[in-house]
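Inspection log for the structure reproduced underneath, given as structure tokens.
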Amino acid sequence: MSGNLNVSIPYLLDRVKGLSIDESLRLLSETFKGLSVFSSSFSLEDQVITHAILHNKLEVDIFTLDTGRNFPETYSVWNSTNERYQTQIKAFTPDYMQLEAYLTKKGPNAFYESVENRKECCHIRKVEPLTRALAGKKLWITGLRAEHSAARQDLQMLEWDKTHQLIKFHPILHWTTVEVRQFITENNVPYNTLQDKGFVSIGCAPCTRAIKPGEEFRAGRWWWEDDSKKECGLHEHE
Ligand code: SF4
């Protein structure tokens, strides 16, 4: 069950079964009217969902976490998305007092020195702003795809997020990379040009690198750490 909401996850899963992305987003944004939110990092997947929301004029707030360490290309696609859809994607930034204290004490690149420092940086730049962005919402839409990691294989399109006490919806969980690319091309959706240079999972610039053919989707993130430590705290199952 979905906490104190009046609808259950099994019920919603049944309702979205077989629906197109447009249909499922419409259904859920109407079910959670004014209480649904979409977090975008301007990945290919997120651009698909942004297009579906804005093209269909759905009542979903779109926000991004501006960590302050993003690639210039990420800021470019943010800008071109605002222009293309005549919209203003909402920005959440780190709490300046926490960030100033961290940078003063540890310096700008402390995340390379220890997992603890890296997690602290991710907490300040991502997790805390995310918590503010999700406050009071009932539905969190994400661009997660099952193909991206073993941990996502058993995910369902809707799940309960204990940390933030809301339902998460992954509308393109079962899409393939080919389908995502095809959607972007057919709808002329702006996308991050780093995607054409071997960058597949794009986060902050100092913590992301291109991957080689055959490497796992997230191999380019925090590559200096053990695989078991590679999570930033945004999603519970990673
Ligand atoms: Fe900091 Fe790197 Fe995490 Fe970005 S990905 S918040 S720069 S540690």
Side-chain angles (χ1 to χ4, degrees), residues 37-47 49-50 62-79 81 89-135 140 142-145 148-152 161 163-164 168 170 191-212 215-238:
V37 71
F38 170 54
S39 52
S40 174
S41 64
F42 306 101
S43 64
L44 287 179
E45 289 77 14
D46 290 347
Q47 290 300 90
I49 296 169
T50 292
I62 305 177
F63 73 87
T64 191
L65 303 176
D66 183 359
T67 64
R69 298 299 298 257
N70 291 335
F71 286 98
E73 290 87 345
T74 304
Y75 291 110
S76 292
V77 70
W78 177 357
N79 208 46
T81 303
I89 290 173
K90 188 163 185 182
F92 282 83
T93 59
D95 175 276
Y96 78 91
M97 288 176 70
Q98 285 185 41
L99 188 57
E100 284 177 1
Y102 174 82
L103 290 170
T104 303
K105 188 170 170 204
K106 301 197 169 173
N109 290 332
F111 36 76
Y112 293 132
E113 291 162 14
S114 69
V115 172
E116 185 193 24
N117 284 350
R118 202 270 296 160
K119 288 193 171 177
E120 191 177 351
C121 185
C122 282
H123 183 85
I124 293 168
R125 294 183 189 273
K126 296 177 177 180
V127 177
E128 188 280 330
L130 175 74
T131 303
R132 275 187 281 121
L134 297 177
W140 175 17
T142 87
L144 295 193
R145 281 202 298 124
H148 284 167
S149 77
R152 296 178 185 177
D161 183 305
T163 306
H164 302 101
K168 282 170 85 170
H170 317 300
Y191 69 94
N192 193 326
T193 52
L194 289 174
Q195 296 277 353
D196 296 332
K197 298 174 184 165
F199 290 81
V200 289
S201 173
I202 304 172
C204 296
C207 302
T208 305
R209 68 176 181 182
I211 61 169
K212 299 183 192 80
E215 280 191 307
E216 282 186 4
F217 176 76
R218 284 170 75 83
R221 304 289 292 276
W222 309 298
W223 61 91
W224 63 91
E225 290 183 2
D226 287 353
D227 282 353
S228 62
K229 311 247 172 33
K230 284 187 180 185
E231 38 87 8
C232 62
L234 295 187
H235 299 289
E236 287 168 344
H237 34 69
E238 294 187 337

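In each ligand, atom 1 is the first atom listed, and ligand 1 is the first ligand listed. Keep in mind that what you see is a predicted model, and the values were worked out from it rather than measured. These values consider heavy atoms only, across backbone and side chains, with no hydrogens, waters or symmetry-generated copies.
- Counting heavy atoms from C-beta outward, I49 and E45 have side chains that stay 4.5 Å or more apart.
- Residues E113 and K106 are not paired through a salt bridge, judged by the lack of any N-O separation under 4.0 Å between the basic side chain and the carboxylate.
- The part of K126 lying near ligand 1 is the side chain, judged by heavy-atom distances below 4.0 Å.
- Counting atoms of ligand 1 from 1 in the listed order, those under 4.0 Å from a heavy atom of R118 are 8 (S).
- Judged as a side chain to side chain contact (heavy atoms under 4.5 Å, CB included), and not counting sequence neighbours, the contacts of T131 are V127, H164.
- Every atom of ligand 1 with a heavy atom of R125 under 4.0 Å away is listed here by number and element: 1 (Fe), 6 (S).
- At a cut-off of 2.8 Å, C207 is counted among the residues with an N, O or S atom near atom 2 (Fe) of ligand 1.
- Under the 30°/60° scheme for interplanar angles, the aromatic rings of W224 and F111 are found to be tilted.
- Between N192 and F71, the closest side-chain pair of non-hydrogen atoms is not below 4.5 Å.
- At least one N/O/S atom of C204, from backbone or side chain, sits under 2.8 Å from atom 4 (Fe) of ligand 1.
- In this comparison of C121, G68, P206, P108, the heavy atom closest to atom 1 (Fe) of ligand 1 sits on C121.
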